[in-house]
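Values in this document were obtained by computation on a predicted structure and should not be read as measured data.
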Amino acid sequence: MVMIVGLEEENKEIESNMRELARGLLKEKKVDVIIGYKKGTLPMMSQPIIIDKEEDVDKLLWNNTCYVNLAKYLVPRVAKFVDPEKGNLKVGVVAKGCVGRALIHLASENRINLDEITIIGIPCNGVINRQRIEMEIGEKEILEVTASGNNIVVKGKNFEKEFPFDEYMNELCKQCKIRSPPLVSKFPDLHVGACEEYASIVDEFDDIAEFEAKSPEEKWAYIQDALSVCTRCYACREACPMCYCNLCFVDQNKPIWFGKTTDMPDIIVYHLIRAMHMAGRCVACGACSLVCPMGIDLNFINRKLEKIVKQRFDFTSGLDPDTLPPMTDFKMEDAEEFMLEED
Amino acid sequence: MPNPYIPILTKVKSIISENKVNDIKTIELQFQKEDDYKSFDYIPGQFAEISIIGKGECPIGIASSPTEEGSIKFTIKKMGTVTSMFHRSDIGDTIGVRGPLGNGWPIEELKGKNIVVIGGGFAFSTLRSLILYILDEKHRKDYGNVTVIYGNRDSGEVLYRDVLEEWEKRDDIDVVLTIDREEEGWTRKVGFVAAIVKEVAPSPDNAVAIICGPPIMIRTAVDELVKIGWKDEQILNSLEMRMKCGIGKCGRCNIGSKYVCIDGPVFSLAELKKMPNEY
Amino acid sequence: MTEQAIEKQTESEKWEPKIIAFLCNWCSYAGADLAGVSRIQYPPNIRIVRVPCSGRINAYFIIKSLTDGWDGVVVSGCHPGDCHYISGNLVARRRFAILKELLEFFGIEPGRVNFMWASAAEGERFAVLIRKATEIVKKLGPNKKFEKKW
Amino acid sequence: MDEKLLKKSDISKLFNEVKDEYNFYAPKKVRGNISFELISDAKEIELDYLNSKVPPKDVLFPQKETIFEYHYEGKDVIIDERKDLEDKLLIFGVRPCDAYSFKLLEDFFAFGEFQDDVFLKKRENATIIGIGCNEPRQSCFCTSVGGHPYQKESTDVFLSDLGDYYLVETITEKGKDLVKKLSWLTDAKKGDVEKSKALAKQAEESFTTKFNFDLVTKVLDENFENPVWEEIAESCIGCSSCTFLCPTCTCFDVIDENDEYNHRGRRIRIWDTCQSCLYTLETSGHNPRPEKIQRCRNRIMHKFSYYPSNYDRLGCVGCGRCIVACPVNNELRLIIDKILEIEQKEEGEKANA
């Protein structure tokens, strides 16, 4: 059982453990490079960093701002992960639960080879919902963000405000049941640090029940409102570890399927089809929402996808590299209650 | 100043299928107003943005020469969405033209010089324009010897057969046609363009080489020219790039600080060597 | 109907939906054909697009139909187990299930998109289901959600 | 005295007076973000803001803009030009960096043989009310690119925030016309002008981010091929937040939108970005900038090397939006630092030799 301690102490402990693990891995040459996070230049920001030397280990950082899903850098592999002579290098990935899930799921789609990866598991306690805090602070500049107990303390010129972390966590983190990377027993070399075995995940999906109960018109109005500020920059797509297509459907131009403008129908179609492609693949990292420059919260769509997949196909993504993802698989007895039938 | 994005409307006057595979067509466009044609004052090597209204726009080199009065021609290969639509168009259809755009071949600087034209495949269109311009009665005396080396994959791909045959009969132009592989009934040269360049060995004295074709052909042909003493300044190239506006505003066709659409598409090899290798 | 009766019809009653139907080549298209040759009446609102298999049907097809202004979409394939390509319709079924739920989640009336199975021998069933789908779409009214502003 | 005073509580009065003549754009809060929107009620105007999320460029150069419309008559196509370009616009509350970006855009679109009529006409008909920055952010660096938190370039009327009221300065004829209409504005006292000057000075001194861009340009010109670009592009995920929120990015794509049922359509332009792989992809499949590294490099080179060599000024106004927007924090300050390191290394080598 984890003792209830303040956020900061907890993060510090994880951070020092992580550094030790990383140091050990590099020293014993178990990995060639490690990808992790380093301190960002802005409050509530962290930057991905790739290190290959022992002395750089102390640059690694862990706190509640590490929201980028590092699995993104493995598909396709960034240049630093490939040696011109040796070929693919062995990569250590600082992985919270969702990064671990992403890696395992990508392995199930044959995108990465788990033999070439070491998961440095980290028991994550959620990441800050940066945009929500920024919006609530409003038009004041945030200069410093610290943790005190279980509160996030935001400081700026002439103001200081505390936010309870439980409330101002990313929406998906609030529902997260897989905080440490899932254990894949077939690959004993895969894990260092905190990894856990997960039996079936139990999830009630209460959080979206309210939305689901709305009428079509209310839903449509809500979606329109939520997506109205979308600028189609595709940051959500680019940050998503599962979006690795060479040519995304919105970019296809032979033929052009969907409009590229910021007219409402075009925006909705983009998000709808992207959601379609995420079914059974989303690993609930929330990166799509956290990178959105306009602060659109796409998490409720991801939750719905999780729910559909869980209830229909009893599947949770990223737990086992050997299970076929549901959308590439089928069963004769799949439910078909939605089919039109004679009365 | 009128809106530069608004095309002039023209009608398709004739359509000629250029090759056996039928994926290259030459479309002749007729301006609807005399003023429109007069304002379309172009030189060989320039291009225009032609569009099927409602389908899109694409930049195509002008294949006709300003000396062929009355209409303009474009040779279009069926490649993407818009070019496929061109292939479906019929005589009498409305087509928008925006242009002329780009710098074109430097016809003034070429005066008094011997000209070696090296072309490959369907990139021959602006070269056709240039040669027709030079061979015109009014201009022929301004230029020196003209040598044309034109290579193709096979005999079915040779464009502009009618004018080529005419040129072969003339004595003020040397035409060397080649295809990659031997073929029954082909009486001209056989071999890659670079090999023919080596064989013909045009002299670099007071001469300019004008090259247009697929990248691999350009590279090998240029190598051969350099070997026999040609200088970078004497070799001219016409570049291709993805373009949208054609007037230096949409941004995508830059190579370093130069825009292909307004500073090009014609660059000398010496200029290209100064630019970053992003083309 | 007398002229007066026609006049009495309201706008919405007069309105007939336009429905695009994607039918698989081996079962449903043949089923539609059978309905035709057997002279079984079904509403003339559908326009048929023949596809090799219901597994060929991408979510794009359906969404694009909606954005292009069709009032409804019908997708029909072979019954599970009867697929000419063994399992095309089974893979498609999962896809349709997700799409159906997502459309509903996004607030697009679920009745706009209808999926059904109809074999080559089921001309009668085909006609009945198409009639049913047409009624559903008619009740929903014109598809205005994806209309662009001009 | 030329300077006037405008009470903050009188903004609605100002709005009501000019709304019939102008399309009035002002900062407005939309779903938590400030952006410049067409205002229909003075209550919507947000006065207390640092800067908008999406730059006011999108008033004059919207993300999606019709170039022309067309309709069919049989086989013939009739082109209908836009008529709304003559509408008078008023953009209220533009920060000096963004106002300066209008100057950049104007010069860019007017550059060369072809003038972008669609933009220039709108610019001509736009009156811009600028507002000085009293509290520059950490990420702001306009002073490094030749700007200033109280720079008045390309504004028509300039406001200084003096607490409850604004000091109103008229800069151009257009501004004079506007202020003339607001006869109820009170005259400013000498003290107010002094106060504005003091605020300007204070703001200028509070900048924490400073660059030497002359040096950056010089280093960039010489280092197109340098391993540092790989390092810079490393953590970039290729989203285009930086370019979409940039007030000086002008790249666009041209698309035809068809309404076949009604036999009409329009040719539109929409923002495009050099960070997208499709941007330079040719039909043949060849892509001159296929990798992230080339695209990252193109963005930086364009702003700090190509722009100076083509237009003799930097293609950046120092608003700092790209710094804040980068989701992986691979921000401009770090990039510039890395570029300048090249120079330092070279100098170090020289010293050693």
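Heavy-atom distances place the side chain of A:M45, and not its backbone, under 4.5 Å from chain D. For D:I270, the part sitting under 4.5 Å from any heavy atom of chain A is the side chain, from C-beta outward, and nothing else. With a threshold of 4.5 angstrom between heavy atoms, D:L245 approaches chain A through side-chain atoms but not through N, CA, C or O. Proximity to chain A is absent for every atom of D:L281, based on heavy atoms less than 4.5 angstrom apart. Heavy-atom distances place the side chain of A:S228, and not its backbone, under 4.5 Å from chain D. Neither the backbone nor the side chain of D:E291 comes within contact range of chain A, judged by heavy atoms closer than 4.5 Å. Only the side chain of A:L143 has a heavy atom closer than 4.5 Å to any heavy atom of chain D. For D:P27, no part lies near chain A; criterion is any non-hydrogen pair under 4.5 Å. With a threshold of 4.5 angstrom between heavy atoms, D:E231 does not approach chain A through any atom at all. When heavy atoms are compared at a cutoff of 4.5 Å, D:R321 does not approach chain A at all. For A:K72, the part sitting under 4.5 Å from any heavy atom of chain D is the side chain, from C-beta outward, and nothing else. There is no contact between A:I49 and chain D, counting heavy-atom distances below 4.5 Å. If you measure heavy-atom distances from D:T283 to chain A, the contacts under 4.5 Å come from both the backbone and the side chain. Only the side chain of D:E331 comes within less than 4.5 Å of a heavy atom of chain A; its backbone N, CA, C and O stay farther away.
With ring centers used as reference points, A:Y270 lies 6.0 Å or more from A:F258. Separation of the A:F300 and A:Y222 ring centroids falls under the 6.0 Å cut-off.
No donor-acceptor pair closer than 3.5 Å links the side chain of D:N134 to the backbone N or O of D:L199. At least one donor-acceptor pair closer than 3.5 Å links the side chain of A:R77 to the backbone N or O of A:L89.
Among residues two or more places apart in sequence or in another chain, the side chain to side chain donor-acceptor pair (under 3.5 Å) test is passed with D:K201 by D:E205.
Cation-pi geometry between D:R267 and D:Y70 is not satisfied (NZ or CZ under 6.0 Å from the ring centre, within 45° of the ring normal). A cation-pi arrangement is not found for D:K210 relative to D:F141, the charged atom failing to lie both closer than 6.0 Å to the ring centre and inside a 45° cone about the ring normal.
Side-chain contact between A:C288 and A:R237 is absent, with no heavy-atom pair separated by less than 4.5 Å. Here the side chains of A:K59 and A:D56 are in contact, with some heavy-atom distance below 4.5 Å.
Counting heavy-atom pairs closer than 4.5 Å to chain A, the top-ranked of the candidates D:I268, D:T273, D:N330, D:N51 is D:N330. Of the listed residues (A:A226, A:A79, A:A239), the greatest number of heavy-atom pairs within a distance under 4.5 Å of chain D belongs to A:A226. Comparing D:K64, D:E135, D:Q275 by heavy-atom pairs within less than 4.5 Å of chain A, the highest count is held by D:K64.
With salt bridges taken as basic N to acidic carboxylate O contacts below 4.0 Å, none links A:R132 and A:D297. D:E65 has a carboxylate O that lies under 4.0 Å from a charged side-chain N of D:R269, or vice versa, which qualifies the two as a salt bridge.
The stretch residues 152-160 of chain A places A:K157 near chain D, each with some heavy atom under 4.5 Å from a heavy atom of that chain. Heavy-atom proximity under 4.5 angstrom to chain A picks out D:V54, D:Q63 from residues 54-63 of chain D.
Counting only N and O atoms by type, the side chains of A:T41 and D:N329 include a donor and acceptor under 3.5 Å apart. Between the side chains of D:N33 and D:S35, not a single donor N or O lies within less than 3.5 Å of an accepting N or O. Between the side chains of A:Y67 and A:N129, no donor-acceptor pair is found at a separation under 3.5 Å.
Contacts classified as side-chain hydrogen bond (donor to acceptor under 3.5 Å, both in side chains) and involving residues 85-94 of chain A (residues at least two apart or in different chains) are given here: A:N88-A:E116.
One distance of note links CG of D:L50 with SG of D:C319; it measures 12.5 Å at 0.5 Å rounding.
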